[in-house]
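In listed order, ligands and their atoms are each counted from 1. Residue indices begin at 1 and follow the sequence shown.
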Amino acid sequence: MAKKGFLEQLINSPLAAKVGVPQGYPLRRYKAGEPLLHAPVVIGGQGRLVEALTSTLEGPYKLLKAEADTPRAGIVFDATEIARPEDLKQLYDFFNPQMRKIADNARIVVIGTTPELIEDTDARIAARALEGFSRSVAKELRKGATAQLVYVDPAIDSNNFTQVESTLRFLLSGKSAYVDGQVIRITDVSAAAPADWEQPLAGRLAVVTGAARGIGAVIAETLSRDGAKVICVDIPQAGEGLTQTANKVKGTALPLDVTDPAAADKLAAHADERYGRKIDILVHNAGVTRDKLLVNMDDSRWNMVQNINLVAPVRITEKLLEANALGDSPAVIGVSSIAGIAGNRGQTNYGTTKAGVIGFVDALHDRLADLGGNINAVAPGFIETDMTAAMPTGPREVGRRMNSLQQGGQTIDVAETVAYFAAAASKAVNGNIVRVCGQSMLGA
Ligand code: NAD
């Protein structure tokens with residue numbers, strides 16, 4: 001990480017805080033062995049899922065009555081009963097008194113039914129309205145607290161609730177510290193809980209591309225922490241960094257350029273020769289930027305970014321699918337960017353690829369569902385890496401703060417979201433793009 005210059009130190013000092021420069025509240029992140037939340041959880045609403053919610057959450061969390069005055073670190077509201085626009089007042093009635101009793105770093109989760117799957121007109125409108133509510137609540141919260149919306153398939157009820165648990169555990173913990181104002185859709189696919197929630201990836205084999213440094217190295221570490229064996233891939237020139245990651249995660253290093261036409265064959269062969277199995281988790285993290293205004297961009301900058309960020313993930317995945325080289329419940333994970341959602345000046349090449357990653361998820365989610373697997377993407381915002389440390393001070397300090405949490409995210413925040421997608425317990429989470437951006441104003 002680059003050394004902090006004088007201006008950066010000043011902007012991030014208590015003096016700057018005094019004159020109103022936002023500093024961002026310290027975020028509580030997940031630590032193995034610590035409670036998922038540091039204060040109890042309140043469950044509200046009267047929808048069809050409330051009983052299942054209570055029985056699912058009463059094990060890992062302490063539950064608290066809504067009327068109590070004690071601070072709460074989690075509020076889960078089952079809004080599936082709200083079936084008419086007139087009834088949205090239930091949100092106000094429940095949340096208005098809650099807003100004064102929220103602990104720092106609290107998690108609010110609103111649960112609704114997936115609007116596109118609702119036939120009744122009134123119910124569909126009311127379900128869609130939840131998005132504006134939860135995103136606005138997220139913008140009002142302070143001190144590291146976040147709010148999200150989870151849409152569940154109308155076929156999910158108290159009898160088949162296990163597919164929702166991995167999402168609740170992710171959102172109601174420090175694993176989602178930098179995820180804010182997001183909407184996650186859960187499909188009606190049965191997904192069993194892992195034998196041990198601290199090792200949700202036990203027995204799975206993962207591939208992480210671009211694993212020599214930055215976000216990719218931390219993804220490899222996090223998947224390994226959660227029990228996966230990891231094949232670490234990076235370009236041959238990455239040498240030392242790649243070996244270091246592989247050693248750290250007790251995995252294997254595979255020097256490979258993802259644009260190599262034989263990349264998929266080499267990955268499948270490595271998995272078979274070194275582990276005697278198929279690939280269960282495929283994380284397409286390798287990515288590059290070659291910024292230039294379109295008017296000044298030569299075609300080598302265009303081609304390089306397309307080939308690494310988009311063409312390689314698409315072709316590798318297709319080939320592995322055709323060769324039947326993915327294991328049971330395969331999880332494919334793309335790394336998009338808020339630049340692919342909002343667009344970014346000087347990044348026509350990059351923005352195209354990162355929006356293409358979203359298209360990749362949309363286009364393949366049915367195929368992965370047929371295999372009992374899933375495909376999702378994470379879209380990071382401002383993440384503290386060598387890349388963002390090297391930005392000029394002004395844009396960096398503004399970029400860091402342009403989100404509801406008023407700070408940059410850490411590489412671990414992206415990695416935790418990838419690990420959540422990667423678990424077999426999350427296979428009902430399919431076709432989602434989750435932004436890890438602290439509810440960035442860009443592309444919101
Ligand atoms: P980074 O440059 O630190 O790491 C990228 C890694 O990918 C490097 O180790 C590099 O050698 C490897 N790589 C590049 N080309 C490759 C190829 N052809 N084959 C194999 N490996 C290759 O970048 P990062 O900041 O860690 O970003 C990781 C991913 O996250 C990228 O897809 C990036 O676009 C995305 N992202 C990053 C941010 C951020 O704030 N850092 C924000 C949004 C999205």
### Geometric cation-pi criterion K175 and F170, 6.0 Å radius, 45° cone
no

### Query
Considering only heavy atoms of G381, which atoms of ligand 1 have at least one such atom less than 4.0 Å away?
40 (O), 42 (C)

### Interfacing atoms of ligand 1 (cut-off 4.0 Å, heavy-atom, S337)
43 (C), 44 (C)

### Query
At the 4.0 Å heavy-atom cut-off, does L256 count as touching ligand 1?
yes

Less than 4.0 Å between a side-chain N and a carboxylate O, is that true for [Y] and [X]?
{"X": "D386", "Y": "R213", "answer": "no"}
{"X": "R128", "Y": "E116", "answer": "no"}
{"X": "E397", "Y": "R400", "answer": "yes"}
{"X": "K266", "Y": "D260", "answer": "yes"}

Looking at [atom], what's its closest protein heavy atom, distance included?
{"atom": "atom 39 (C) of ligand 1", "result": "M387 CE, 3.7 Å"}
{"atom": "atom 40 (O) of ligand 1", "result": "I383 N, 3.3 Å"}
{"atom": "atom 41 (N) of ligand 1", "result": "T385 OG1, 3.4 Å"}
{"atom": "atom 30 (O) of ligand 1", "result": "V335 CG1, 3.4 Å"}
{"atom": "atom 17 (C) of ligand 1", "result": "I235 CG2, 3.4 Å"}
{"atom": "atom 14 (C) of ligand 1", "result": "V288 CG1, 3.8 Å"}
{"atom": "atom 36 (N) of ligand 1", "result": "Y350 OH, 3.6 Å"}
{"atom": "atom 3 (O) of ligand 1", "result": "R213 NE, 2.9 Å"}

The one among [options] that brings a heavy atom closest to [atom]:
{"atom": "atom 5 (C) of ligand 1", "options": "S336, G287, G334", "result": "G287"}
{"atom": "atom 29 (C) of ligand 1", "options": "N307, N285, I215", "result": "N285"}
{"atom": "atom 7 (O) of ligand 1", "options": "A212, G210, P313", "result": "G210"}

#### Entry: Any N/O pair D234/ligand 1 closer than 3.5 Å
yes

### Contact check: I308 vs ligand 1, nitrogen or oxygen atoms, below 3.5 angstrom
no

For ligand 1, the portion of [X] having any non-hydrogen atom under 4.0 Å away:
{"X": "K354", "result": "side chain"}
{"X": "A379", "result": "neither"}
{"X": "D257", "result": "both"}

### Is_contact(atom 23 (O) of ligand 1), protein non-hydrogen, under 4.0 Å
no

### Message
Looking at every heavy atom in both A264 and I316, which two are closest together, and how far apart are they?
### Response
CB-O, 3.9 Å

### Task
Answer yes or no: does atom CZ of R274 have more than 12 heavy-atom neighbours from other residues, nucleotides or ligands under 6.0 Å?
no

### Query
If you draw a 6.0 Å radius around CG in D328, do more than 12 non-hydrogen atoms from other residues or ligands fall strictly inside?
no

### Task
Evaluate the criterion side chain to side chain contact (heavy atoms under 4.5 Å, CB included) for residue pair N160 and Q163; output intermediate values, then yes/no.
CA-CA 7 Å; N160 57 351; Q163 49 261 57; 4.0 Å; yes

### Query
Mind checking what makes side chain to side chain donor-acceptor pair (under 3.5 Å) contact with N324, not counting sequence neighbours?
none

### Task
Ignoring hydrogens and angles, tell me if any N or O in the side chain of T353 forms a donor-acceptor pair with the backbone of N309 under 3.5 Å.
no

### Message
Run Y178 and T417 through side chain to side chain donor-acceptor pair (under 3.5 Å) and show every step you take.
### Response
CA-CA 10 Å; Y178 200 60; T417 308; over 6 Å; no

